[in-house]
Amino acid sequence: MDASDLEHRARTRFGCISPELVSRLLELGHAQEVERQALRGEWFCALEWARVLGGQDRQVEALEVLDPYLATGWWTATAATAGLLEEWGRGEEAVALARTHMASARSYAETGGGLALESFARLLARNGLADDAFDLLQPHIDDWPLAHALIDVAQAAGRDEEAAGLLATRIPAGHECGSPWCCRGLEPRLAVGLLATVHERQGRVEEAVALLSTHQFTSINGRDQLADLFARHERIDELRAYADTEPLGYAAQRLAELLEERGDVDGAIAVYRKAGQGSLRRGNTAVELARLLARHDRYDDAIEVMRVPADAPGGAEDWIVDALCTLYAEQGRPQDALAWLDDLKTRRGKEEWELFWIRLPLMAACGRVDEAVELTRAHPEGTTSYAAEHVATLLANAGRTEDAVTVLERYAPANSTTLAGYLIDLGRVMDALALLQHTHPPPPAVPPTHLWLDEAPF
């Protein structure tokens, strides 16, 4: 057993039994096989089997299952074992185990890198050692994930003011980054968001609002921090005014969510309709409005909303079409969705795979599985491995798992995980495992790189 091999397989899910398939094996009564594979180097089997044993108050045996993986020095095994110890109320042992790993590693890469540092710090904080966690993370504040962790543990350590001071030094007055390589270290925009979080936590809401209001963009990962702040503090008028100017539509979405939570569905609808007129993400706003209408059983209105972007010139993108057809299907009208797709195909003169696959479950819902299979085979991309996945899904959902296996076997190992799942369903466990077993050495380890560059790499 080798740490780099384990890491490669766990990260890529290639050449191993995935967590989903481990769960399926257990659900179908193959616990002995999971135990056997755990002893043969299958990490996800080992982890799940250890959880099973722990749930049976067999903690000593659970730890014995994980011992060979720990012996490789692989951080993921250390973190998982520490997590189990913590779940069992043995937090001090969890901390000691993780600390030993960090101390014995010969290099930053061997510790598990920044991910391990963050995980270890959060473990410390959860177990009454928040000061130690803060001190551990402080030198790494220029690394965004570690800076985020530092802000989280600062509260438990009672060191919010110190954290705020560290962040303030990383926000140049009147400066906005123009590229990812503009500022070395923690990007000022991210520092602003973290500092606002600390201020809000301290009860200094006005300062948090003022800080966020001075920066052009406060959106990250599909949410807008200033909008969320207004919503948490029920400052609806300010949120409404902000939604009128925020160009991406995230503030309008948060306002609509808040109004819906308060029972003002019509108000939420009005917000989306207004935002859709000027948002840079007009299609996204339409999808959110349609979902809101569908949640309140107004499917006809939802479909009408989605027909606007879908019928617009150049608007029939696959995700828009998928949203529209899903609404038709949820309302029990798959035939209407198919008619719309037929009309679109006529207008465009062709049907690319990105749109073609959307019709397959609709045909199945109309009882036309065999026709859908034949239509797929006739498509220009119908002989590809990804087309085979769709055909197999149609057949399996129709109770024809053997036929699904036959389709996928032609494309193994491209569809090995899906095929293995169906084989397990049929009781052909050994065939499934033979398909999944790791047969090739992992690629050479990639030397660790900095999380930032002095210059653009092109």
Side-chain angles (χ1 to χ4, degrees), residues 1-3 5-72 74 76-85 87-88 385-386 388-440 442:
M1 204 177 295
D2 176 78
D5 183 30
L6 289 167
E7 173 63 23
H8 173 71
R9 287 191 280 162
R11 178 170 43 82
T12 64
R13 301 291 200 268
F14 180 75
C16 68
I17 307 172
S18 71
E20 296 77 17
L21 292 182
V22 175
S23 296
R24 192 176 299 189
L25 286 167
L26 290 172
E27 289 167 7
L28 295 177
H30 300 291
Q32 286 187 333
E33 190 57 42
V34 171
E35 179 183 13
R36 189 173 80 87
Q37 295 298 327
L39 300 176
R40 296 185 66 248
E42 287 288 347
W43 164 246
F44 295 116
C45 287
L47 180 57
E48 196 57 38
W49 187 240
R51 287 184 179 134
V52 169
L53 293 173
Q56 298 172 352
D57 291 327
R58 298 162 64 185
Q59 295 176 7
V60 172
E61 294 172 70
L63 294 176
E64 288 174 350
V65 170
L66 297 176
D67 276 344
Y69 300 86
L70 284 171
T72 66
W74 185 37
T76 299
T78 301
T81 306
L84 288 176
L85 288 168
E87 288 177 20
W88 300 337
S385 61
Y386 50 83
E389 288 259 7
H390 287 277
V391 170
T393 299
L394 290 176
L395 294 168
N397 288 343
R400 297 163 59 179
T401 307
E402 290 277 9
D403 292 340
V405 167
T406 300
V407 168
L408 290 176
E409 282 178 332
R410 295 176 54 194
Y411 298 91
N415 299 317
S416 58
T417 299
T418 304
L419 174 56
Y422 291 140
L423 289 170
I424 290 170
D425 289 343
L426 292 171
R428 296 169 55 183
V429 174
M430 300 315 296
D431 289 342
L433 298 184
L435 186 68
L436 295 169
Q437 294 301 311
H438 185 57
T439 57
H440 301 288

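These figures come from a predicted structure and were not determined experimentally.
- The stretch residues 412-424 participates, sequence neighbours left out, in these side chain to side chain donor-acceptor pair (under 3.5 Å) pairs: E389-T418.
- Rounding to the nearest 0.5 Å gives a distance of 7.5 Å between CG of L433 and CZ of R36.
- Considering only heavy atoms from C-beta on, V34 stays 4.5 Å or farther from I17 through its side chain.
- Residues meeting the salt bridge (Lys or Arg N to Asp or Glu O under 4.0 Å) test with R13, sequence neighbours left out: none.
- In this structure, Q32 CD and L26 CG are separated by 12.0 Å, a value rounded to the nearest 0.5 Å.
- Remark: T12 engages H8, F14 in a side chain to side chain contact (heavy atoms under 4.5 Å, CB included) (not counting sequence neighbours).
- Q37 places no side-chain N or O within donor-acceptor distance of the main-chain N or O of E42, the cut-off being under 3.5 Å.
- When every heavy atom of L6 is checked against every heavy atom of W43, the shortest pair comes out as CD2-CB, 4.4 Å.
- Counting only residues at least two apart or in different chains, salt bridge (Lys or Arg N to Asp or Glu O under 4.0 Å) contacts with residues 406-434 comprise R24-D425, E409-R428, R428-D431.
- Shown here are the side chain to side chain contact (heavy atoms under 4.5 Å, CB included) partners of A414, two or more places apart in sequence or in another chain: S385.
- A38 approaches Y69 most closely through the heavy-atom pair O-OH, 2.7 Å.
- Distance CG/L395 to OG1/T406: 9.0 Å, rounded to 0.5 Å.
- Between W88 and A50, the closest heavy-atom pair is CZ2-O, 4.4 Å.
- By the 4.5 Å heavy-atom criterion applied to side chains, T72 and D2 are not counted as neighbours.
- Judged as a side chain to side chain contact (heavy atoms under 4.5 Å, CB included), and not counting sequence neighbours, A71 has no contacts.
- With rounding to the nearest 0.5 Å, the separation of CG in L63 from CG in L70 is 8.5 Å.
- In terms of heavy-atom proximity, G54 sits nearest to A62 at N-CB, 4.1 Å.
- Atom-to-atom distance recorded for T401:OG1 and I424:CD1 is 12.5 Å, nearest 0.5 angstrom.
- Judged as a ring pair (Phe, Tyr, Trp, His ring centres under 6.0 Å), and not counting sequence neighbours, W49 has no contacts.
- R58 meets the salt bridge (Lys or Arg N to Asp or Glu O under 4.0 Å) test with E61; sequence neighbours excluded.
- For E87, the side-chain hydrogen bond (donor to acceptor under 3.5 Å, both in side chains) test picks out no residue, with sequence neighbours left out.
- Contacts of T81 classified as side-chain hydrogen bond (donor to acceptor under 3.5 Å, both in side chains), with partners at least two apart in sequence or in another chain: none.
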- [ ] Quick one: do L28 and V429 satisfy side-chain contact (heavy atoms from CB on, under 4.5 Å)? Show the steps, please.
- [x] CA-CA 10 Å; L28 295 177; V429 174; over 6 Å; no
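- For residues 391-402, the salt bridge (Lys or Arg N to Asp or Glu O under 4.0 Å) pairs, not counting sequence neighbours, are D370-R400, R400-D403.
- Residues A420 and L21 come closest through the heavy atom pair CB-CD1, 3.9 Å.
- With a 6.0 Å radius and a threshold of 12 heavy atoms from other residues, nucleotides or ligands, Q56 has its CD atom above the threshold.
- For the ring pair (Phe, Tyr, Trp, His ring centres under 6.0 Å) test, no residue two or more places apart in sequence or in another chain qualifies with H30.
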